[in-house]
*Asks:* 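Right, I'll just put the structure down here and ask away after.
All figures in this text were calculated on a predicted structure; none of them were measured in a lab. By convention in this document, chain letters (A, B, ...) are assigned in the order of the sequence lines, proteins followed by strands, and residues within each chain are numbered from 1.
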Amino acid sequence: MKKLQAPRGTNDILPDEQKYWRLFEKTSTSLAETFGYSRIDTPVIEDAKLFVRVVGESTDIVEKETYTFKDRGGDFITLRPEGTAPICRAYIQNGMHNLPQPVRLYYYCPVFRYDRPQAGRYREHHQFGVEVLGDSNSTLDAEVIYLAWKLLNDLGISNLIPLVNSVGDKKCRPNYISELKDYFHSSVVDSCPNCPRRLEENPLRLLDCKEKSCLEVISSAPNSIEYLCGECLEHWESLLIDLKNIGVPYVIDNRLVRGLDYYIRTVFEIVPQDSGSQSTISGGGRYDGLIAQLGGPPTPGIGFGMGIERVLLELKKLNHEIDDTKTTKILIAYTDESSKAVGTTVRSQLHRSKITSVLAPSGRSLKSQLRYASSIKASHAVIIGERELENVTVTIRDLKGSEQKEIPQGNLLSYFGKG
RNA sequence: GUGAGCGUGGCCAAGUUGGUUAAGGCGCCAGGUUGUGGCCCUGGAGAUCGAGGGUUCAAAUCCCUUCGCUCACCCCA
């Protein structure tokens, strides 16, 4: 029989790994709550049309990189590949424009992409993100960028600086793109296997080609800021002031573009300095046209998404001690069937007082039971044998030291301070 | 979709000019006397060497196919 294994690009998150995940979850949700964001959970599956409308039908993204299938009723379903579109859908569907604006939301969920896995890229990964809907003021752009940066700081990843850029809006971006095309038409490097095609299909992407021969051409390419219309320029300039006011460091990166057309004006990313290719930890931007595009009222929006696996990769590099929230754990050892029965009632007593305890595995010598206690890092062993049965006592052994004493069964809880 | 590297018990792995029962370490289980752990000692379980086919008297070691993993490209929400 073929060995069963998790599908390509998916991972088990084993018990030893959980402390990192819980740290992230605690840190991120408490930061978001502190800033007045409310949690939202959307379904793992969505109508496939949602993402088609967001990114357009013919791109690689929808054709090759989503998990899309026909369900038993004949509807096309897509496993959510990102957080923003479902939240916009939920905003529209639930009439959230009737809430006080802006609406601040955060999410924490698995997302799916049908990609070949590689370092930092999986078919299932997890994202945390925030979205602010209903206000186009640059203050909120700054707030969102600040949150992404602050979250990483709170986790102890403090050496990262957000990269920011503005890609203009529907009015001014076309001018920029045609300028960019003109520039690359005359200078696109023949030796690059991809840029001639990019020039036709996605000119903005020319700016982040990795080919060495292209770098020089890119460095003197037209700069998007110089093509911003009056309103976009004003938004950009006030963003820089807002960023300063809120106290987040930033670096302007005019080659920064994001893959999707829906981004307007502000785009930003946080990328670790020393890493390989799939390393953007967090990215986001403003998407003022998106909700209208999905059939809702014209509503501005800004947000970021953060890849948790990539964050944890960085976190582990720093080798910080993670507090594993150790509770006292008690192993209940026994020597025969009748003492086992007493052990079972002792366990119930402890559990009622919320004291972590486990019964030793059956059929083992006392020595083996205590070995087991050590291996599961129990803090104490409660030992029940013939003598304890006779005396109606239990023996409590402190496993950090080696003192033990026999106490009346009735004093068990007070021994652990729960009497 | 493209390219490269890799695939030996749960984990880390030695072994590749083909040749007796496929090292070792970690982990797991047991024992080291009479009811007691962590260290140490001894023993045990556990691998048809990813799978299928071929060459050969003989293959984990050579050839072919296939699957899987990893990394990179493409793409990137």
*Asks:* Quick one: label A:I383 by what it contacts on the DNA or RNA (base, sugar-phosphate, nothing), any heavy atom closer than 4.0 Å.
*Replies:* base
*Asks:* With nearest nucleotide decided by heavy atoms, which residue, A:N11 or A:D115, maps closer to the 5′ end of RNA chain B?
*Replies:* A:N11
*Asks:* Base, sugar-phosphate or nothing for A:R387? Non-hydrogen atoms, less than 4.0 Å.
*Replies:* base
*Asks:* Can we say A:D47 and A:K49 salt-bridge, meaning some charged N sits less than 4.0 Å from an Asp/Glu carboxylate O?
*Replies:* yes
*Asks:* Can you label the angle between the A:F416 ring and the A:H380 ring as parallel, tilted or perpendicular, going by 30° and 60°?
*Replies:* perpendicular
*Asks:* A:L206 CG to B:C74 P: how many Å, rounded?
*Replies:* 12 Å
*Asks:* Just to be sure I understand the rule, does A:R80 reach a base, reach only the sugar-phosphate, or reach nothing, if contact means heavy atoms closer than 4.0 Å?
*Replies:* nothing
*Asks:* Could you tell me the separation between the OH atom of A:Y372 and the C1' atom of B:A30, rounded to a whole number of Å?
*Replies:* 17 Å
*Asks:* So, does A:R371 get its side chain near the phosphate of B:A30, meaning an N or O under 4.0 Å from OP1 or OP2?
*Replies:* no
*Asks:* Give one of base, sugar-phosphate or nothing for A:G285, where a contact means two heavy atoms less than 4.0 Å apart.
*Replies:* nothing
*Asks:* Decide yes or no on side-chain contact (heavy atoms from CB on, under 4.5 Å) for A:I291 and A:I92, but give the supporting numbers first.
*Replies:* CA-CA 7 Å; A:I291 288 182; A:I92 298 166; 3.7 Å; yes
*Asks:* Do any side-chain nitrogens or oxygens of A:Q118 fall under 4.0 Å of OP1 or OP2 in B:C71?
*Replies:* no
*Asks:* Taking 4.0 Å as the cut-off, does a side-chain nitrogen or oxygen of A:S365 come that near to OP1 or OP2 on B:G31?
*Replies:* yes
*Asks:* Base, sugar-phosphate, or nothing: which does A:R364 touch, judged by heavy atoms less than 4.0 Å apart?
*Replies:* sugar-phosphate
*Asks:* Quick one: stems involving RNA chain B, counted as three or more successive Watson-Crick or G-U pairs, both distances short of 3.5 Å.
*Replies:* B:1-7 with B:67-73, B:10-12 with B:24-26, B:28-32 with B:40-44, B:50-54 with B:62-66
*Asks:* Answer yes when A:K400 and A:D398 have at least one side-chain N-carboxylate O distance shorter than 4.0 Å, and no when they do not.
*Replies:* no
*Asks:* Roughly how many Å is it from CG in A:L14 to C1' in B:G10, rounded to a whole number?
*Replies:* 11 Å
*Asks:* Kindly say whether the aromatic ring centers of A:Y37 and A:Y106 come within a distance under 6.0 Å.
*Replies:* no
*Asks:* Using a cut-off of 4.0 Å on non-hydrogen atoms, how would the nucleic acid contact of A:A373 be classed: base, sugar-phosphate, or nothing?
*Replies:* nothing
*Asks:* Expressed as a whole number of angstroms, how long is the span from A:L370:CG to B:G37:C1'?
*Replies:* 5 Å
*Asks:* Is any side-chain N or O of A:T335 closer than 4.0 Å to OP1 or OP2 of B:G35?
*Replies:* no
*Asks:* Once you round it to whole Å, what is the distance between C1' of B:C11 and CG of A:D12?
*Replies:* 15 Å
*Asks:* For the pair A:Y176 and A:Y227, name the ring-plane relationship: parallel under 30°, tilted 30 to 60°, perpendicular over 60°.
*Replies:* tilted
